[in-house]
Amino acid sequence: MERDEMTLRHFFGSVWNAITFTDVKFLRSVLALLFRPGKLTVEFFAGRRKLYTAPLALFFFINLVYFIYQPVDALNSSLRSQTEGQFYSEWASGVVNDYLSKESIAPEDFVSTYNQMTGQVSKLFLVIFILIFAVGVALVNFRRGELFYVHLITATHFVSFAILSMLILLPLVGSLLIWIYLIITQQSSWNLNPNMGPITFTILLILAVYGYAMQKRLYQQGFFVNLIKAALLIVFFALSVVVYRFFLFVVTMQLV
């Protein structure tokens, strides 16, 4: 090592270069993830990986932001969201009631315990969610001899986009618009009770458009083929969410 490389100036210069390079790489990855569907996957398998944040690193960072900010209950699935509105909610309510009667626990205490536990479990279970969705991606884009790893990376980038755009940025923009509206109208509260049907449809439509653009970039197939595959991806994505939430409930109930 040269003498110049052992100075404080060189040390802090190296730290600065590492920080700015990481920031630029992360920002480049986020912009590509949001506005250039499929590009990160293409670049990853083309070997141009030093320019972008690794798929799992990007995914876990986005999830860290989500669990800190947590504007909507989608991934941690509180007890209320599990016992209401799901196809298995009636069964889940029965399981909870049986548990409460056997353990003699106050319902409000159990709700608090369950929600804390499911929040911890969900952070580890998200990798399972990617694996479940990757199976759907593999079925949609089946090619003889193609490794499952390809579909796993594709699924990782798609889920990262879904969480970042639908569960972080969209609620953040919505909250900002509501705040501006309250200031302009000089109201103290927001009284609108939105219908979740149109909101869910809009989210799925955005994901379908993103899926179409991703399919087009990755596989360069015709319009109708990409359209059908994008629709199938959304179906598998929705099914993956349901399966993920179901197993999250089962595992959480075993741990509380």
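In this chain, residues are counted from 1 in sequence order. Everything numeric in this text was worked out from a predicted model, so none of it was measured.
- Residues that satisfy the ring pair (Phe, Tyr, Trp, His ring centres under 6.0 Å) test with Phe129, not counting sequence neighbours, are Phe237, Tyr244.
- Between Ile128 and Phe125 the shortest side-chain heavy-atom distance falls below 4.5 Å.
- Residues passing the side-chain contact (heavy atoms from CB on, under 4.5 Å) test with Ile184, sequence neighbours excluded: Ile180.
- With sequence neighbours left out, Trp179 forms a ring pair (Phe, Tyr, Trp, His ring centres under 6.0 Å) with no residue at all.
- Among residues at least two apart or in separate chains, side-chain hydrogen bond (donor to acceptor under 3.5 Å, both in side chains) pairs with a member in residues 206-226 are Asn141-Gln215, Gln221-Lys229.
- Annotation: side-chain hydrogen bond (donor to acceptor under 3.5 Å, both in side chains) contacts involving residues 109-121, sequence neighbours excluded, comprise Thr118-Thr252.
- For the side-chain contact (heavy atoms from CB on, under 4.5 Å) test, residues two or more places apart in sequence or in another chain that qualify with Val127 are Phe60.
- Inter-residue side-chain proximity for Ile206 and Met166 is flagged as met; some heavy-atom pair is nearer than 4.5 Å.
- Here Glu84 pairs with Arg80 under the salt bridge (Lys or Arg N to Asp or Glu O under 4.0 Å) rule; sequence neighbours left out.
- Ring planes of Trp91 and Phe246: tilted class, angle from 30 to 60°.
- Apart from Leu177 itself, the hydrophobic cluster it occupies contains Val173, where clustering links Ile, Leu, Val, Met, Phe, Trp and Tyr at side-chain heavy-atom distances under 4.5 Å.
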Could you tabulate the donor-acceptor pairs under 3.5 Å formed by side-chain atoms of residues 31-43, not counting sequence neighbours?
| residue | atom | partner | partner atom | Å |
| --- | --- | --- | --- | --- |
| Thr41 | OG1 | His157 | ND1 | 2.8 |
| Glu43 | OE1 | Arg48 | NE | 2.8 |
| Glu43 | OE2 | Arg48 | NE | 3.2 |
| Glu43 | OE2 | Arg48 | NH2 | 2.8 |

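- Looking only at side-chain heavy atoms (C-beta outward), Leu164 and Tyr66 stay at 4.5 Å or farther from each other.
- Looking only at distances, a side-chain donor or acceptor of Ser89 sits under 3.5 Å from a matching main-chain atom of Gln82.
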Run the ring-ring contact (aromatic ring centres under 6.0 Å, His included) check on Phe44 and Tyr52 step by step: do they pass?
CA-CA 8 Å; Phe44 182 84; Tyr52 302 95; over 10 Å; no
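- Here Tyr99 pairs with Phe110 under the ring pair (Phe, Tyr, Trp, His ring centres under 6.0 Å) rule; sequence neighbours left out.
- Partners of Ala54 by side-chain contact (heavy atoms from CB on, under 4.5 Å), not counting sequence neighbours, listed by chain and number: Ala57.
- Listed by chain and number, the residues in a ring pair (Phe, Tyr, Trp, His ring centres under 6.0 Å) with Phe148 amount to none (sequence neighbours excluded).
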